[in-house]
Asks: 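Pasting a structure below so you can have a look.
Fair warning: this is a prediction, and the values are worked out from it, not measured in the lab.
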2 protein chains.
Amino acid sequence: MKENEFNYEVGNYRTPDGAPTDIVIFTIVTTERSSLKKSLPKRDLQVLLIERKVWPFEGAWALPGGFTLDTETVYDCARRELKEETGVDDVHIEYFNVYSEPGRDPRGWIISHAFLALVNEQLLLKRRASVDAADVQLFPVEEALKMNLAFDHRVILEDALRIIRDKMLTTTIAREFLPEEFTISELYQVIQTVVPEFAEQNFTRKITSTQSRQGIIEEVTDEDGRPKQSNLYSQRAAQLYRFRELAPRLSIYG
Amino acid sequence: MKENEFNYEVGNYRTPDGAPTDIVIFTIVTTERSSLKKSLPKRDLQVLLIERKVWPFEGAWALPGGFTLDTETVYDCARRELKEETGVDDVHIEYFNVYSEPGRDPRGWIISHAFLALVNEQLLLKRRASVDAADVQLFPVEEALKMNLAFDHRVILEDALRIIRDKMLTTTIAREFLPEEFTISELYQVIQTVVPEFAEQNFTRKITSTQSRQGIIEEVTDEDGRPKQSNLYSQRAAQLYRFRELAPRLSIYG
DNA sequence: AGAATAGTGTCTGTCAGACATTATTAT
DNA sequence: ATAATAATGTCTGACAGACACTATTCT
């Protein structure tokens, strides 16, 4: 390295003390409504938090994360941390913002890169069985927002929430919370769990029968080409659907 | 600072050598079609680049940017750099991604934060008059994409382009390239300049008369409440419009 | 008159929104 | 039968897409 030229541009300014990632891991927790069987379960959007054991914010709950190494991208780091905390890989993980407010971390000048991950409950269960981690826990987002989270993690969580609420309606990320094959009611419920104000009276018809939404989902059929149905959550069996690749182009101009 | 605890968590790992910002500054350059007066001008999406004078990538063109100070956020830094390079402030500037590939900067471990800015041509002109900067220049984006830009700036530019193309159709950022009051044709042209494949036969009617798009723009009237028109670009005078605050909510589900 | 842009008329098929109704099946 | 969810029917007004047409004014 040409040391003098390096110094010329970088100068003798202070350099950051670290470039960590923080990961907002969302999952939807399904709880059967015990009273009656064959009824739709309750769904709850939850976020994974870790109780800090060391200074700073000792004892407070925080988003999982860790410092990026000089041999990896921040994206690699986020995936690595996600794997460490949840045991899962190959899930939707997405970078959404940087947090660089001076003083946000008492340890020094630390610029954090925030990711959000959407993890299917089924995948999380494996990990939760294997590790008895009292210091790693899922919280309903509404509850987490009221807690005194470490660092600026409340702001990060709020930002992440805003983003998945937006994306839930404008992309097909709902698929991340659903099994491969699902019913319309499940899809509707997942959307409503993330975006409570979502209400669409003619949802079934719109998602299945309108031309402009062709290609979002398709009916699942068995080997003989007959419609495949499920009566897991209902008396009357419901048609199963799966997501296709096509997502419609949105535009405000028509 | 508790030095030992700091070391415990941060460890003795290497820390980054800098957290700069790179800014993709877009503008739309308008050139009158000289042949005939009263005709729509040609518009061209251009990006501001700077010729590097020092190692590394000496002589190559690069995105403007600079190192973040420990007293500011990366957002502050981007705004500061934008002001330095263009003389403008108070324009649309937005963070969009982080670039952290090891080795992306020969000077060391440098994680860059990329912003995009949309600057109205009129605002840029002031600056361009005051500074004769042969090393600061606007390039049509198509041309810039073919150049050997410094660092990973080609990738950054491609990402930025993808984002403003998407946002041009889903938000009202077109306003950033337009004067306060504009005609439908101007708006249409700006959209097409950024998204060449955009074509909407009934654009006028959709943007002015459909209920679902109420509130995007409104007619401009003079003090007496009479419609205000402009014949700057046309024989027949055209109604002037301005953007309102409301942007429609988009959803793929209806 | 011709050129250049602005803006409206008209028609068909599809969709949105609101609401009611029927269908299916475990209990 | 009842409960619970799944799915369709029906109606009105609005919109999309396509294309032709009229309007205005500078040259």
Asks: Applying salt bridge (charged side-chain N to carboxylate O under 4.0 Å, His left out) as the test, list every pair that has at least one member in residues 191-209 of chain A; sequence neighbours left out.
Replies: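 Matches after skipping sequence neighbours: E200(A)-K206(A).
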Asks: Looking at the rings of F26(B) and F177(B), which for Trp means the six-membered one, are their centres under 6.0 Å apart?
Replies: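 Ring centres of F177(B) and F26(B) not closer than 6.0 Å.
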Asks: Suppose we screen for side-chain hydrogen bond (donor to acceptor under 3.5 Å, both in side chains). Which residues come up paired with Y188(A), at least two apart in sequence or across chains?
Replies: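 By the side-chain hydrogen bond (donor to acceptor under 3.5 Å, both in side chains) rule, Y188(A) matches no residue at all.
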Asks: With a 4.0 Å cut-off on N to O distance, would you call R43(B) and E186(B) a salt bridge?
Replies: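 Salt bridge present between R43(B) and E186(B).
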Asks: If you check every side-chain atom of Q239(B), which of dT5(C), dG7(C), dA6(D) has the closest atom?
Replies: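 The nucleotide sitting nearest to the side chain is dG7(C).
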Asks: May I ask you to decide whether E158(B) forms a salt bridge with R154(B), counting only side-chain N to carboxylate O separations under 4.0 Å?
Replies: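 Salt bridge between E158(B) and R154(B), a charged N being under 4.0 Å from a carboxylate O: yes.
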Asks: According to salt bridge (charged side-chain N to carboxylate O under 4.0 Å, His left out), who are the partners of E94(B), at least two apart in sequence or on a separate chain?
Replies: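 Partners of E94(B) by the salt bridge (charged side-chain N to carboxylate O under 4.0 Å, His left out) criterion, ordered by chain and then number, come out as K167(B).
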Asks: Rounded to whole angstroms, how far apart are CD on E186(A) and P on dA7(D)?
Replies: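 So the two atoms are 12 Å apart, to the nearest Å.
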Asks: Just checking, is any N or O donor in the side chain of Y99(B) or D22(B) under 3.5 Å from an acceptor N or O on the other one?
Replies: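 Side chains of Y99(B) and D22(B): no pair found under 3.5 Å.
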Asks: Between dT27(C) atom P and Y233(A) atom OH, what is the distance in whole Å?
Replies: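 Distance, rounded to whole Å: 16 Å.
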Asks: Could you state the CD-P distance from Q229(B) to dC26(D), rounded to the nearest angstrom?
Replies: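 That distance rounds to 12 Å.
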Asks: Give every pair of a protein N or O atom and an N or O atom of nucleotides 22-24 of chain C that lie under 3.5 Å apart, one pair per line with the distance.
Replies:
| from | atom 1 | to | atom 2 | distance (Å) |
| --- | --- | --- | --- | --- |
| dA23(C) | N3 | R236(A) | NH1 | 2.7 |

Asks: In residues 191-217 of chain B, which ones come under 4.0 Å of DNA chain C, going by heavy atoms?
Replies: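 Residues of residues 191-217 of chain B that come under 4.0 Å of DNA chain C are, in numerical order, R205(B).
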Asks: Expressed in angstrom and rounded to an integer, what is the separation of L232(A) atom CG from dT25(C) atom C1'?
Replies: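 Distance check: L232(A) CG to dT25(C) C1' gives 15 Å.
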Asks: I need the CG-P distance between L240(B) and dT5(C), as an integer number of Å.
Replies: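 My rounded result for the distance is 17 Å.
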Asks: Considering only distance and modelled atom types, tabulate donor-acceptor pairs under 3.5 Å from the side chains of residues 114-122 of chain A, sequence neighbours left out.
Replies:
| from | atom 1 | to | atom 2 | distance (Å) |
| --- | --- | --- | --- | --- |
| N120(A) | OD1 | Q122(A) | N | 2.9 |
| N120(A) | ND2 | L178(A) | O | 3.3 |
| E121(A) | OE1 | T30(A) | N | 3.1 |
| E121(A) | OE1 | T30(A) | OG1 | 3.0 |
| E121(A) | OE2 | T30(A) | N | 3.0 |

